[in-house]
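Worksheet for the structure shown next.
Computation of the quantities below employed the complete heavy-atom set of this structure, encompassing side-chain atoms and omitting hydrogens, waters and symmetry-equivalent molecules. Because the structure is predicted, anything quoted here is derived from the model rather than measured. Positions are given from 1, in the same order as the sequence printed here.
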Amino acid sequence: MDEPSKHEHAGHAHHGHHDYDAAKKAGDTLKDPVCGMTVTAQSAHHVEHDGRPYYFCSAKCQAKFSDEPQKYVAGVRGAAPAAPVAEAGAIYTCPMHPEIRQDHPGDCPICGMTLEP
């Protein structure tokens, strides 16, 4: 294809994000590194860490990542985010769907986010 590479999304330029561009061209989906939800590069919630862009579903996930980026960076490169250790008696709920409740870690059956204690 002779089409030039486009680095403008939602009215702003992305410079130095070739990993993201390559993933986008390969058809890979972007995942929020904190909760695992599918996100787009147009998300209002994003940060750059070690020269790479990270996109989030919400301000809450962005804040968690910003507080401890190394905890989540490994999950972006293929491994799933670390599952929380099950606490005795804990009830796990979805941050987006609090009606989802269970006594063990897992993913929300509605949106796929990781349940939190």
Give, for atom [atom1] of [X] and atom [atom2] of [Y], the distance between the pair rounded to the nearest 0.5 Å.
X	Y	atom1	atom2	value
Cys35	Tyr72	SG	OH	10.0 Å
Glu116	Cys94	CD	SG	8.5 Å
His104	Tyr92	NE2	OH	10.0 Å
Asp107	Met113	CG	CE	10.0 Å
Asp32	Phe65	CG	CZ	9.5 Å
Arg52	Glu48	CZ	CD	11.0 Å

| request: Could you please spell out the steps behind the side chain to side chain contact (heavy atoms under 4.5 Å, CB included) verdict for Val73 and Tyr54? | output: CA-CA 9 Å; Val73 168; Tyr54 293 88; 3.8 Å; yes

| request: Taking all non-hydrogen atoms of both residues into account, name the closest pair between Gly36 and Lys31 and its distance. | output: O-CD, 3.3 Å

| Met96 and Cys111: which non-hydrogen atoms are nearest, and at how many Å? | CB-SG, 4.4 Å

| With no hydrogens and no angle check, is any side-chain donor or acceptor of Ser43 less than 3.5 Å from a backbone partner on Phe56? | yes

| task | Report yes or no: does Ser66 contribute a side-chain atom to a donor-acceptor pair with the main-chain N or O of Gln62 at less than 3.5 Å? | result | yes

| request: Following the transitive rule for hydrophobic clusters with a side-chain heavy-atom cut-off under 4.5 Å over Ile, Leu, Val, Met, Phe, Trp and Tyr, establish whether Ile100 and Met37 coincide in one cluster. | output: no

| field | Set of side chain to side chain contact (heavy atoms under 4.5 Å, CB included) partners for Glu99, sequence neighbours left out | value | His97, Ile110

| So His46 and Tyr55, would you call those rings parallel, tilted or perpendicular, with 30° and 60° as cut-offs? | tilted

| field | Heavy-atom side-chain proximity of Leu115 to Cys108 below 4.5 angstrom | value | yes

